[in-house]
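Everything numeric here is computed off the predicted structure, so don't read it as measured data. For the numbers below, each heavy atom of this structure counts, side chains included, while hydrogens, waters and symmetry mates do not.
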There are 2 protein chains.
Amino acid sequence: MTDEHLQKAAQLLDENGLRKTRPRLEILCVLLEADSPLTGEQVFERVTAGSVDKATVYRTLLLLLKHDIVHNAYLRNRIRHFELAHHCKPDRCHPHFTCRDCGRTVCLYQAIVPDVQNLPAGFLVLHRQTRLEGICADCRVRHYS
Amino acid sequence: MTDEHLQKAAQLLDENGLRKTRPRLEILCVLLEADSPLTGEQVFERVTAGSVDKATVYRTLLLLLKHDIVHNAYLRNRIRHFELAHHCKPDRCHPHFTCRDCGRTVCLYQAIVPDVQNLPAGFLVLHRQTRLEGICADCRVRHYS
DNA sequence: TACTTCTTGCAAATCATTTGCAAATAGATT
DNA sequence: AATCTATTTGCAAATGATTTGCAAGAAGTA
Ligand SMILES: [Mn+2]
Ligand SMILES: [Mn+2]
Ligand SMILES: [Zn+2]
Ligand SMILES: [Zn+2]
């Protein structure tokens, strides 16, 4: 939990008129340190041991979701994943790639996803998410040896 | 459960070397009749009342998933949704649109989703899913009156 | 500091899904 | 058609993830 992350966490809460409580700051720091979407369970494990209750983790993630500070990512299984929205545009999240071999999920920050064409008339799109599945670079190399 | 659907259901099971049991035929007919992805619970409700156990519904959906006869759709909540794969290409599902107002999900069979550009080197994409959120045509009209 | 309101921890509840197991059945074999 | 054997099913109980009720504890404000 670096000082820089703590600053950023406090700022996010301030901007949204939310109280700066210890659990919230810790949870935001965990999310700031993560390099891919986390489950509630994973956030719980990464927070300073025993310092935050699991119910509080979930309640906080839901609160941050409501304020659009975090987004849900929809990966392969039925478990919700959460990540900070700061790498997303208001109308779209960056795509996620999940490897069928090693199971890891990678955030594709630099990928370009063109708009969906030929939508039915009258539909207003406010948000878009793209989910890719396949074999990651590491696993492809591994299979050649 | 039309005769045509029953035929198709039997055919799907045959093609995959699966036994044609009454629960499987019923479940496939439910999926053939559905116009958007269904949860296990919804499949259970739509099957002839009391004729199939809920555990069997889930076991069957998982079996059909393994044989790529159905796909999972990832919608807003943490509940898995299932739909027949016959409207999908092997490497991509048609997009789904979920209305933030009425909550309905629409299958966008005719939409065109261009490929993702600028992927990191060495990644092999085997499957893609696109999820849209916004306001559906009906709800937009409703809000103008 | 005192106050008011929001937030937390804890325990229990809920929801979706999965599992163990004995009875039932599909499809192959006689 | 009756028999056989591996699969499949129903039922009840277990599981895993998430949510809720409530009294005690903090945050922000006066
Ligand atoms: Mn991401
Ligand atoms: Mn669909
Ligand atoms: Zn991999
Ligand atoms: Zn709508």
Side-chain angles (χ1 to χ4, degrees), chain A residues 6 9-30 37-67 69-83 103, chain B residues 6 9-30 37-67 69-83 103:
Chain A
L6 210 58
Q11 183 196 330
L12 283 168
L13 293 172
D14 268 337
E15 289 171 355
N16 288 274
L18 299 172
R19 287 191 183 176
K20 292 186 284 291
T21 68
R22 190 183 45 73
R24 288 177 184 172
L25 291 167
E26 290 218 31
I27 289 165
L28 280 168
C29 282
V30 166
L38 302 180
T39 64
E41 181 73 31
Q42 289 174 317
V43 172
F44 174 69
E45 286 164 2
R46 293 179 191 204
V47 137
T48 313
S51 77
V52 184
D53 187 76
K54 200 179 283 187
T56 303
V57 167
Y58 280 107
R59 270 191 289 235
T60 302
L61 290 171
L62 253 33
L63 177 79
L64 298 175
L65 196 60
K66 194 172 75 185
H67 286 266
I69 299 171
V70 309
H71 284 163
N72 272 144
Y74 299 84
L75 308 181
R76 353 180 25 134
N77 50 38
R78 75 189 176 90
I79 309 172
R80 262 186 187 189
H81 288 70
F82 300 84
E83 67 178 348
Chain B
L6 209 59
Q11 184 198 329
L12 283 168
L13 293 172
D14 268 336
E15 288 170 356
N16 288 273
L18 299 171
R19 288 193 182 175
K20 292 187 284 292
T21 67
R22 190 182 44 74
R24 290 177 184 172
L25 291 167
E26 290 217 32
I27 289 165
L28 280 168
C29 282
V30 165
L38 302 181
T39 64
E41 181 73 31
Q42 290 174 316
V43 172
F44 175 69
E45 286 165 3
R46 293 179 190 204
V47 137
T48 314
S51 77
V52 184
D53 187 76
K54 200 180 283 188
T56 303
V57 167
Y58 280 107
R59 270 192 289 236
T60 301
L61 290 171
L62 253 33
L63 177 80
L64 298 175
L65 197 59
K66 194 173 72 184
H67 286 267
I69 299 171
V70 309
H71 282 164
N72 271 145
Y74 300 83
L75 307 181
R76 4 180 12 142
N77 51 39
R78 76 189 174 91
I79 309 171
R80 260 186 188 191
H81 288 70
F82 300 84
E83 67 178 346

Practice prompt. Drop me the distance from A/F44's CZ to A/L38's CG, to the nearest 0.5 angstrom.
Written response: 14.0 Å
Item to complete: Taking salt bridge (Lys or Arg N to Asp or Glu O under 4.0 Å) as the test, write out the residues that go with A/R19, two or more places apart.
Response: none
Practice prompt. List in numerical order all residues of residues 13-22 of chain B for which some heavy atom is under 4.0 Å away from an atom belonging to DNA chain D.
Written response: B/R19, B/T21, B/R22
Practice prompt. Verify side-chain contact (heavy atoms from CB on, under 4.5 Å) between B/R80 and B/L65, making sure each step is shown before the conclusion.
Written response: CA-CA 12 Å; B/R80 260 186 188 191; B/L65 197 59; 4.1 Å; yes
Worksheet item: Quick one: how far along DNA chain C does chain A reach, first to last nucleotide 5' to 3', anything under 4.0 Å to a heavy atom?
Response: C/dT5 to C/dT17
Worksheet item: Under the side chain to side chain donor-acceptor pair (under 3.5 Å) test, which residues partner A/D14, sequence neighbours left out?
Response: A/K20
Fill in: Residues A/L64, A/L28; criterion side-chain contact (heavy atoms from CB on, under 4.5 Å); working and verdict
CA-CA 9 Å; A/L64 298 175; A/L28 280 168; 3.8 Å; yes
Worksheet, complete the sentence: Assert: residue with more 5' nearest nucleotide on DNA chain C, out of A/L63 and B/E41, is A/L63
Discussion item. Quick one: does any side-chain atom of A/R22 pair with a main-chain N or O of A/S51 as donor and acceptor, under 3.5 Å?
Written reply: yes
Worksheet entry | Partner set under side chain to side chain donor-acceptor pair (under 3.5 Å) for A/E45, not counting sequence neighbours | none
Fill in: Strand-adjacent residues in residues 50-62 of chain B, judged by heavy atoms under 4.0 Å from DNA chain D
B/S51, B/V52, B/D53, B/A55, B/T56, B/R59
Worksheet item: Atom CG of B/L28 to atom P of D/dT8: distance rounded to whole Å?
Response: 14 Å
Worksheet item: Separation of A/E45 atom CD from D/dT18 atom C1', in whole Å?
Response: 15 Å
Response to the item:
With sequence neighbours left out, the residues meeting salt bridge (Lys or Arg N to Asp or Glu O under 4.0 Å) with B/E83 are none
Worksheet item: Tell me, which pairs form a salt bridge (charged side-chain N to carboxylate O under 4.0 Å, His left out) where one or both residues lie in residues 47-58 of chain A, sequence neighbours left out?
Response: A/E41-A/K54
Fill in: side-chain contact (heavy atoms from CB on, under 4.5 Å) against A/L18, all qualifying residues, sequence neighbours excluded
A/L13, A/N16, A/R24, A/L63, A/H67, A/I69
Worksheet entry | Inter-end axis angle, the helix from C/dT1-D/dA30 to C/dT30-D/dA1, with every axis fitted to five base pairs (rounded, 10 degrees) | 40°
Fill in: Results of salt bridge (Lys or Arg N to Asp or Glu O under 4.0 Å) for B/R59 - residues two or more places apart only
none
Response to the item:
5'-most contact on DNA chain C (nearest-nucleotide basis), B/T39 vs A/R24, goes to A/R24
Response to the item:
Minimal heavy-atom distance between B/L61 and B/G40, with the atoms involved, is CD1-CA, 3.9 Å
Worksheet, complete the sentence: Residues passing the ring-ring contact (aromatic ring centres under 6.0 Å, His included) test with B/H81, sequence neighbours excluded, are none
